[in-house]
Amino acid sequence: MNEVRKPPVATTGIIGWLRINLFFNWTNSLITLFVIYCLYQFIPWILDWTIFSADFKYNYLGEQITNQEMCSRNLDPENGGACWAVIYVRFYQFIYGFYPKVEVWRVNIAYAMLALALLPLLYAKLPYRKYFLYFTYIFPVIAYFLLNGGLGFTEVSTNKWGGLLVTLVLGCTGIALAFPIGIMLALGRRSKLPVISMMCTLFIEFIRGVPLITLLFFGMVMLPLFLPEGIDMDGLVRVLVAVTLFQSAYMAEVIRGGLQAIPPGQYEAAKSLGMSYWRMNLLIILPQAIRISIPPIVNTSIGLFKDTTLVIIVGILDLLGIGRGTLADTNWLGLSYEIYFFVSLVFFIFTFGMSRYSLYLEKKLKTGINMGAD
Amino acid sequence: MSEESIISLKNVNKWFGDFHVLQDVNLEVKKKERIVVCGPSGSGKSTMIRCINRLEEHQEGSIVVDGIELTGNLKNIDNVRKEVGMVFQQFNLFPHLSVKENITLAPIWVKKMPKAEAEELAMRQLEIVKIPEQANKYPGQLSGGQQQRVAIARSLAMNPNIMLFDEPTSALDPEMIKEVLDVMVDLANGGMTMIVVTHEMGFAKTVADRMVFMDEGKIVEEASPDKFFNNPESDRTKLFLSQILHQ
């Protein structure tokens, strides 16, 4: 008769976990204690500085803060923490740039619509997902007219855009456009037709071999030369073209990596069923290749989202640009901790969201599928 | 003879780099004929049948399948592939699709069949290969023998006139070989034109109308199974048979 034996008590539950992971032997225990000590020193200090001793709108005297001299930490360096009032006062600029206040509802609607457009991508089980997806596809067009003007809306020139608005426009458009272009370039580079493959390779290698800053200058200075006379290209659009080209070259290489992992048998099976080149790629090859490439795709996308801050050098004020502008204001001199902390936090929220989304996708797509070996 | 041939290879030559993999291969296959191709590895047998649906290109000679000559003409290639089904050694199922989707994909997208009709067809094909209960699983959840049977069902769903089998049981565990061979025997008895590359000599004796023995890129011997196994002409065939039957 087989007796059912339970695992030893000391290896299960919280105690077991602690023993195995944190206090396995004396070196392990020493490291654990050292880390606990460091956290004990750091966490109370950072919480105190960012929250408990910090000024949000009023200083410790109860006055509303309007410049850096009124911050508690400047009035009483011994006790004051962060002075978040600078974010509070300049919040509008951080989020909308110099967008006219009367028209700002349009930006708010665009933000809300962006959230709605992302919804079907985030939740596969959303009811009526198909109709939400249609909305996602037409969202860029709606957003263009909403933000830029036209169709009855007053025009708001892009040089008034700034802050988070510019960061999101550049990041989302760059990522969304670079994805299909990258797929085409990756397929093109692997094409059997030498002309196509050479052109794609040349494009990818050229764009990838040039720093993004150079491409941004190139977009600003050179792009207008290629356009017919009399047509003036918007500054933000020029930057957007540069950013998209840059990102598509990287995306192409990432997807090419995924394509190379697909065994030749998949192509042969698709061909032997009578599928054309495009059907084979759309139905069989790309779904598998993109699935494999999700981690690097998200990786380069996060990279691009952060690299959009480089537009500051061609005079476009994104979130970081607004922060630097605020620091240059004599009213808020010296508050760089607060401003960089805030800007970092906003970027972190977006990039961390992207990273979690990629984990969710990987998990969802893996269920029940054994890729590769039989 | 060529009048009733459904597949006709004439003086087919092919090289991989400098390696002369097919040397003046001639083969005529009639409708409903079952051909078993055998030979040592590297003898060109897989390459030959892969030329028949143009997964490989031949460089000299002519291949005519069901009246269509295989040339660079893409339309001809597509038409031939619609006539010819193929089953691979490594199954090559699409791992991101369920069993049912694997089977319905080509009928829906290549033959423009309505989805409901294609699903009905898929279930019928799965009945034929005796695994209808696996329809909603993914290939990774099936055993090798089941996967190969799905691969056969996937090919049959395109309603081909000719089926090519490229060592269909070589990647299988011994106890799964029989379930796949049983399906192939049923198919042969149903009147399908088949070319099978295999080392399963028991299967060959049961179903083959003709045996083809290849070595070093050439067809060495072509004979009825009875003559091939009991009274082969060439010494190379005798040596091969003695090795494969007494291992």
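Only this structure's heavy atoms are used, side chains among them; waters, hydrogens and symmetry mates stay out. Throughout, protein chains are lettered first and strands after them, A, B, ... in sequence-line order, and every chain is numbered starting at 1.
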Quiz item: Is the OH atom of Tyr131(A) crowded by more than 12 outside heavy atoms at less than 6.0 Å?
Solution: no
Quiz item: Quick one: side chain to side chain donor-acceptor pair (under 3.5 Å) partners of Lys137(B), sequence neighbours excluded?
Solution: Gln134(B)
Quiz item: Does atom CZ of Arg356(A) have more than 12 heavy-atom neighbours from other groups under 6.0 Å away?
Solution: no
Quiz prompt | By salt bridge (charged side-chain N to carboxylate O under 4.0 Å, His left out) - contacts of Lys130(B) (at least two apart) | solution = Asp186(B)
Quiz item: So which part of Phe94(B) gets closer than 4.5 Å to some heavy atom of chain A, the side chain, the backbone, both or neither?
Solution: both
Quiz prompt | Contacting region of Arg154(B) [heavy-atom separation from chain A under 4.5 Å] | solution = both
Practice problem: Step through the shown structure and confirm whether more than 12 heavy atoms of other residues, nucleotides or ligands are within 6.0 Å of CE on Met199(A). | Solution: no
Exercise. Determine which pairs satisfy side-chain hydrogen bond (donor to acceptor under 3.5 Å, both in side chains) with at least one residue from residues 78-89 of chain B, sequence neighbours left out, and list them in order.
Key: Glu83(B)-Asn161(B)
Quiz item: Hey, is NZ on Lys178(B) packed in by over 12 heavy atoms from elsewhere, all under 6.0 Å?
Solution: no
Quiz item: Counting only N and O atoms by type, is there a donor-acceptor contact under 3.5 Å from the side chain of Asn92(B) to the main-chain atoms of Gln266(A)?
Solution: no
Quiz item: Going by residue number, which parts of residues 269-284 of chain A are within reach of chain B, meaning a heavy-atom gap below 4.5 Å?
Solution: Ala269(A), Ala270(A), Lys271(A), Ser272(A), Leu273(A), Gly274(A), Met275(A), Arg279(A), Leu283(A), Ile284(A)
Quiz item: By a 4.5 Å heavy-atom criterion (distance strictly below it), what part of Leu93(B) contacts chain A: side chain, backbone, both, or neither?
Solution: backbone
Practice problem: For Tyr144(A), look at atom OH and say whether over 12 heavy atoms of other residues, nucleotides or ligands are found less than 6.0 Å away. | Solution: no
